[in-house]
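Numbering of ligands and ligand atoms starts at 1, following listing order. Predicted model, so just to flag it, every value in this text is computed and none were measured.
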Amino acid sequence: MAEPVLEIRNLNVDYGLGDKAVHAVRDVNLTLHRGEVLGLAGESGSGKSTLAYGLTRLLAPPGVITGGEVVYHPSSAAAYDVLGLSDQQLRAWRWAETAIVFQGAMNSLNPVHKISTQLTDVLKAHDPKMSEHSRNARAREMLKLVGISADRMGAYPHQLSGGMRQRVMIGMALILQPQVVIMDEPTTALDVVMQRQILGQLIELRERLGFSVIFITHDLSLLVEFSNRIAIMYGGRIVEEAPAATIYRDALHPYSKGLLSSFPALRGPKRELAGIPGSPPDLAGMPTGCSFHPRCPKAFEPCSTAIPVLGRPDTPDGAGRSVACWLHPAEQPVSAV
Ligand code: SF4
């Protein structure tokens with residue numbers, strides 16, 4: 001496996017302080033490797049977007065990181081914890097090292113500025129010495145890379161379709177050639193055909209430019225198609241992590257199975273979509289034990305009282321995967337690996 005570029009260690013994020021704090025992300029451990037697409041799936045409120053905001057330190061109050069580390073280039077001598085960067089270091093790190101495309105990003109383009117200005121402004125902010133000619137050339141090149149003709153440089157956002165605006169945002173995220181790109185539901189507002197076109201193009205760009213992607217969505221079928229590995233979140237915790245093909249073929253956690261049966265199968269015969277009964281838990285009043293137990297069709301004796309630890313499962317193909325479920329007690333907890 002390629003070397004790790006980003007390692008999230010025991011990350012915890014709360015909303016609020018003291019007794020009233022809501023624990024939105026708990027004890028998350030994840031590693032992103034060079035050139036990898038790591039998918040992060042879960043229903044709304046599972047903590048996946050909070051995790052993205054937390055690791056990039058973009059949390060708005062009352063969000064607060066209460067523990068953990070986000071280590072950049074963990075295996076190199078120059079490794080550093082992003083949570084320890086000064087504001088100035090953080091500004092340089094964002095966009096240049098790690099870029100983010102948020103939900104509905106296509107609506108975050110400034111309506112009164114041309115596309116060219118918005119693309120070149122990123123370059124101007126991070127590399128003030130770059131000549132205007134080079135900035136324009138780089139912006140044109142980036143537009144072409146994301147499949148938009150360079151003669152649209154002079155267009156205003158309203159003159160582009162939703163898909164084109166989202167491509168501009170992806171181009172803007174890639175313009176400084178970051179090593180990590182975080183995509184938070186980047187294509188949810190687009191139709192299915194456009195979603196797949198844009199994601200296919202992103203994967204192609206990743207192969208050419210070599211960046212790594214954390215791809216967040218509730219649509220597990222998209223992740224199965226476009227990710228190398230998938231982590232599933234529920235109630236603020238990672239409940240299963242495995243290669244995408246393994247999750248698709250043989251998910252172990254009942255919640256992962258529920259998510260898979262909520263979307264049409266990519267291949268094979270048509271099947272009934274089942275969905276998951278009940279609603280995601282209220283983070284302010286989490287169920288005891290495994291937080292999925294009130295909705296779990298497989299719940300049994302220990303589930304309502306003891307929290308299962310995320311770790312390597314007791315299955316023959318347990319290496320390289322982890323699950324938090326009493327049906328598959330952890331042989332080795334993830335935090336101890
Ligand atoms: Fe279901 Fe129990 Fe596993 Fe939780 S620990 S997913 S309730 S079987």
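Inside a sphere of radius 2.8 Å centred on atom 2 (Fe) of ligand 1, the protein N/O/S atoms present are Cys303 SG.
We find that Arg312 and Glu240 are not joined by a salt bridge, their nearest charged nitrogen and carboxylate oxygen being 4.0 Å or further apart. Salt bridge Glu141/Arg138: present, at least one basic N to carboxylate O contact under 4.0 Å. Asp250 has a carboxylate O that lies under 4.0 Å from a charged side-chain N of Arg321, or vice versa, which qualifies the two as a salt bridge.
Using a 30° and 60° split on the angle between ring planes, Tyr156 and His158 fall in the parallel class, below 30°.
Other residues, nucleotides and ligands place no more than 12 heavy atoms under 6.0 Å from the CD atom of Gln88.
At a threshold of 4.5 Å between non-hydrogen side-chain atoms, the residues Val28 and Arg237 do not count as touching.
The protein heavy-atom contact nearest to atom 6 (S) of ligand 1 is His253 CE1, 3.4 Å.
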